[in-house]
K.L.:
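Let me give you the structure first, and then I'll get to my questions.
Below, chains carry the letters A, B, ... as their sequence lines are ordered, and counting in each starts from 1.
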Amino acid sequence: MANQELTQAPNFIRAIVEEDIKTGKWGGRVVTRFPPEPNGYLHIGHAKSICLNFGIAAEYGGTCHLRFDDTNPTKEEVEYVQSIQEDVKWLGFDWGEHLYYASDYFEQLYDCAVRLIKKGSAYVCDLSPEEIREYRGTLTKPGRESPYRNRSVEENLDLFARMRAGEFPDGARVLRAKIDMASGNINLRDPVMYRILHAHHHRTGDKWCIYPLYDFTHCISDSIERITHSICTLEFEDHRPLYDWFLDELQVYHPQQIEFARLNLTYTVMSKRKLVALVVEGHVRGWDDPRMPTISGMRRRGFSPQSIRKFCEVIGLAKRNSTVDVALLEHCVREDLNRCVPRAMAVLRPLRVVLVNYPEDQVEQLEAVNNPEDPSMGTRRVPFSKVLYIERDDFREDPPKQFYRLSLGREVRLRYGYYITCVGVVKDEHSGEVTELHCTYDPETRGGSSPDGRKVKATLHWVSAAHAIEAEVRLYEHLFLVPNPGEERGGDFKEDLNPKSLVVLDGCMVEPALGDARVGSVYQFERQGYFCLDPDSSPSKPVFNRTATLRDTWAKIEKGMQRSSS
RNA sequence: UGGGGUGUCGCCAAGCGGUAAGGCACGGGUCUUUGGAACCCGCAUUCGGAGGUUCGAAUCCUCCCACCCCAGCCA
């Protein structure tokens, strides 16, 4: 039990791998692969697959390949192959030498197709796309055989060669596997293996004008790379008989395909189609918008790779469709960031406080702990002076029952500073809005404790007005208002968009130490949450993204009060 | 009377014939110079339903029900 912590949670795929190792099915080898199509950005759902494939390989002393499934040149771009590599690396995984492209196998794939033709297991079909669909039948009605199904091997060979040579226009002919038009599994009704596509490929250029389809390509790619466990998502379960059929026909090395349920998360969407729509329709600022569930978005938001990996471990793995509560993801970031990230004080909605009995020009440098969870992170100096800012929410003229922060006549502690007591409230004549507080400070309480042992109930964060840096802070909430966008009211998922998913705060006041923050670094703003410096920052004005709030007991109490009073 | 899957706490998820792990959420408490963190306690007499086999069933059998996926020359 000593290495209990190192033991991953059991799941059915690990069970299969362990069994295979035990029986020597693959000679003790474990080779997995992550096979993205470079037609979009990776998201948290991909992270689940990446962690699974790379994780299992690492755990059992195997290897995991990164293979781009780039058989559709009309959708794929180098931009995506770059972002995918960057994201996988950032997550902390290393494919070493094992970077592959399905397009590297085009020549071998072609040879395999020729072999199948020679066996009489594949044929060139001249039916139009519409006719192929019609001949395929429906879910309940069997299909009909193509009139071209029984062409001679010679004719098929000739036609297929001429397809490759570019003699025919797009869509004129396809190569099909000869399986069973009456199969209950539609994938087996003579699936298309090759289509004619006079398109420029991002790697092979104009060398090819015929491109293989997924089912034919994937199993052979796995075979070539001597994959042992080919792990994919549930929707490919129906394709497994086809995966097996091709490899059996070809009599080549034959990996095992295993399917698991893809990840869904509450309050967001995960399908590539929907994510693209959010980007192109401008509902978010791009693929890396911090509200997006993309890896790049989460990185910009301030998530650590560790927190994402932890999440992927803790959600488990099974074959049942499920939607994980986003609260679990938030828990994982908080848990990680709490341990690793330095604290800072930042006032998001400033309220001016004048310490009436504090010397006019005095400035003190107070010592603050960088991370109470980790003393090795040391301390820093925070300037303190007569005029400060505190959070507007930390003062109430008419404090409710359980509110124990500042109000007129009350004493609270300023973190690492002094006890202060509110003695006056300045308001705007017209609006009645509180514009400034007058407080006294107790010189005996420097550092935050009193010699007489007097207790205060609240500790507030603050910032010295004269030393503060002005910043922009972007507060994020769930992108959607409902747990399952588009599914609850039966409409368009975009109708469920949260109009307050981004709230920009300007004129925030942050402590001077934050002037040294580097883009991408994360801080805990005490009592508020985790914040990450955004690339939009300029030297004169930092911009912070809120990664996650801290758990907020007071907010919960307040919400409860509202509920019971209404 | 097409095929393939899945049903264990509000959300995930272990469990593989011996009498329901764990996490999140939620509720209560201790502690606290973050109403943070940490720590403690509580939270399925019951496993989609109904029968059956067995000394014993979430686990085996039968039937039923619900939900998901498949009719791209996408992956």
K.L.:
Has the side chain of Arg405(A) got a donor or acceptor that lies under 3.5 Å from a partner of the other kind on the base of rG35(B)?
P.N.:
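When only heavy-atom distances are counted, Arg405(A) does reach the base of rG35(B) through a donor-acceptor pair under 3.5 Å.
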
K.L.:
Where the side chain of Ile186(A) is concerned, which of rG35(B), rC74(B), rA71(B) is the nearest nucleotide?
P.N.:
rA71(B)

K.L.:
Do Glu259(A) and His239(A) pair up side chain to side chain, a donor and an acceptor below 3.5 Å, judged on atom types alone?
P.N.:
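Result is no, nothing qualifies.
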
K.L.:
Look at the side chain of Leu328(A) and decide which nucleotide, out of rG27(B), rG23(B), rG35(B), has an atom nearest to it.
P.N.:
rG23(B)

K.L.:
Which is true for Glu259(A) with a 4.0 Å heavy-atom rule: it touches a base, it touches only sugar-phosphate, or it touches nothing?
P.N.:
nothing

K.L.:
Determine the contact category for Arg551(A): base if any of its heavy atoms lies under 4.0 Å from a base atom, sugar-phosphate if only primed atoms, P, OP1 or OP2 are that close, otherwise nothing.
P.N.:
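It contacts sugar-phosphate atoms only.
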
K.L.:
Between Asn321(A) (CG) and rA66(B) (P), how many Å, whole number?
P.N.:
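That distance rounds to 17 Å.
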
K.L.:
Would you say the side chain of Glu237(A) and the base of rG3(B) hold a donor-acceptor pair, judged only by whether the two atoms sit under 3.5 Å apart?
P.N.:
no

K.L.:
Among rG23(B), rU34(B), rU6(B), which nucleotide sits nearest the side chain of Gln524(A)?
P.N.:
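The closest nucleotide is rU34(B).
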
K.L.:
Write down the partner of rC47(B) under the Watson-Crick or G-U wobble criteria, each distance required to be under 3.5 Å.
P.N.:
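The base-pairing partner of rC47(B), which may sit in any strand shown, does not exist here.
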
K.L.:
When the distance from NE2 of His478(A) to P of rA25(B) is rounded to whole Å, what number comes out?
P.N.:
12 Å

K.L.:
Which of these nucleotides, rG7(B), rC69(B), rC73(B), is closest to any side-chain atom of Arg320(A)?
P.N.:
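Closest of the options to the side chain of Arg320(A): rG7(B).
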
K.L.:
Quick test of the criterion, 5.5 Å between centres and less than 30° between planes. Is Trp554(A) stacked on rG35(B) or not?
P.N.:
yes

K.L.:
With both distances under 3.5 angstrom, what nucleotide forms a Watson-Crick or G-U wobble pair with rC60(B)?
P.N.:
rG52(B)

K.L.:
Side chains of Glu391(A) and His461(A) only: does a donor on one sit below 3.5 Å from an acceptor on the other?
P.N.:
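Present: a donor and an acceptor within the cut-off.
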
K.L.:
If we call it a pair only when both distances are under 3.5 Å in a Watson-Crick or G-U wobble match, what pairs with rG2(B)?
P.N.:
rC70(B)

K.L.:
How close do Val124(A) and Tyr148(A) get, heavy atom to heavy atom, and via which atoms?
P.N.:
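Of all heavy-atom pairs spanning Val124(A) and Tyr148(A), the closest is O-CB, 3.7 Å.
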
K.L.:
In whole angstrom, give the distance that lies between atom NZ of Lys319(A) and atom C1' of rC67(B).
P.N.:
16 Å

K.L.:
Would you kindly check whether a donor in the side chain of Asp552(A) faces an acceptor in the base of rG35(B), or vice versa, at under 3.5 angstrom?
P.N.:
no

K.L.:
Find the partner of rA38(B): check Watson-Crick (N1-N3 plus N6-O4 or O6-N4) and G-U wobble (N1-O2, O6-N3) distances, both under 3.5 Å, and reply none if neither fits.
P.N.:
rU30(B)

K.L.:
As a test of reading the structure: which of rC73(B), rU34(B), rC12(B) is closest to the side chain of Val324(A), going by heavy atoms?
P.N.:
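Out of rC73(B), rU34(B), rC12(B), the nucleotide with an atom closest to Val324(A)'s side chain is rC12(B).
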
